[in-house]
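Read through the structure below, which is laid out as structure tokens, and then see the notes.
Since this is a predicted model, take the numbers as computed values, not measurements. Just so we're on the same page: letters track the sequence lines, and every chain starts at 1.
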Amino acid sequence: MTSASPRPGLRVVAFALAEMRLGIPLGAVECVLPMAAIAPLPQAPAIALGVINLHGTILPVLDIRQRFSLPFRQPDVNDQLLVACSARRTVVLPVDEVLGVREIPDDAVTPPGTVLPGIGYLAGIAATGDGLLYIHDLDRFLALDEERQLQQALHAMEAE
Amino acid sequence: MSVRVLVIDDDPKGRELVKAVLEQESFLVRTAEGGVSGLTQADADPPEVVVLDVQMPGMDGYEVCRVLRHGQKTRCVPIVMLTACNDASLNRKAFAAGAQMCVTKPFRREALVTAITVALRMTPEQ
């Protein structure tokens, strides 16, 4: 008797944000950095905290706590910066802690419900051994007008 | 109501420039000519935000930042640090000392005001 072959899984980088555990597909994650002070980006949409300079490249730092309606808190020395690529650009997300890579069977991912804060920014929810993992859809992080405003602010900064 | 800012910078020209820029933007500005004076003022009457030059003789900006972060009255006051360049390692050092935002000198008015606005936003209400 042979057992069914395992379903291919989705590999995600899991991270903690307040009480939530979220994940971004591994392929979208470029690197993880220690938290740093952020440089201002004038005329940016409110969702952008500013920018960091990563090896000469200016990258926007986006406020993922605000996107998921989580309360503000003072950044902590243990916080980390998750650098990830959306379809349009590379962005930096300040997170409480990067938990590591998790492999989730495809059939363990269910569509998000309808009552969760930030529901529009999720690709799915997975039940894992250590609780629920919300899979973040990075391509939907910025609304079109935010994307446009961010682009203009970054262009203005580069033109200086 | 105007936001109360404490500017700590040993250089009188730099100090007065930051003060003038922020007063034009309706901030209520006090200044201190060095780390010790700044810490004394901050402890006596905590501001809503500190703008701090990193390069100062004696007690430098990082050290002032660390003391502010450990002060009972000042540990939640957001700090904007003025640095010589926008460099990742310097920004990490500034953050480790307790600053949320870094502004590179020479700065544009808009950049300094944006940094203060975001630093205030990142701080929970007391």
Donor-acceptor contact present, side-chain B:Arg108 to main-chain A:Pro42, <3.5 Å:
no
Under 4.5 Å heavy-atom distance to chain B, tell me which part of A:Asp76 shows up: side chain, backbone, both or neither.
backbone
Under a 4.5 Å heavy-atom cut-off, does chain A meet the side chain of B:Arg75, its backbone, both or neither?
backbone
Spacing of A:Leu81 atom CG and B:Phe95 atom CZ [to the nearest 0.5 Å]:
8.0 Å
Below 4.5 Å from any heavy atom of chain B, which atoms of A:Ala44 appear? Answer side chain, backbone, both or neither.
neither
Heavy-atom proximity to chain B below 4.5 Å, by part of A:Ile38:
both
Please classify the contact of A:Pro75 with chain B as side chain, backbone, both or neither, using a heavy-atom distance under 4.5 Å.
both
Most heavy-atom pairs under 4.5 Å with chain A, out of B:Ala111, B:Ala97, B:Ala88, belong to B:Ala111
Closest approach of A:Ala39 and B:Met101, non-hydrogen atoms and distance?
C-CE, 4.0 Å
Need one label for A:Leu41: side chain, backbone, both or neither, based on atoms under 4.5 Å from any heavy atom in chain B.
backbone
Compare all side-chain heavy atoms of B:Gln100 with those of A:Leu49 and state whether any distance is below 4.5 angstrom.
no
A:Pro40 and B:Val103, any side-chain heavy atoms less than 4.5 Å apart:
yes
List the atom of B:Arg121, the atom of A:Phe72, and the distance in Å for their closest heavy-atom pair.
O-CG, 3.3 Å
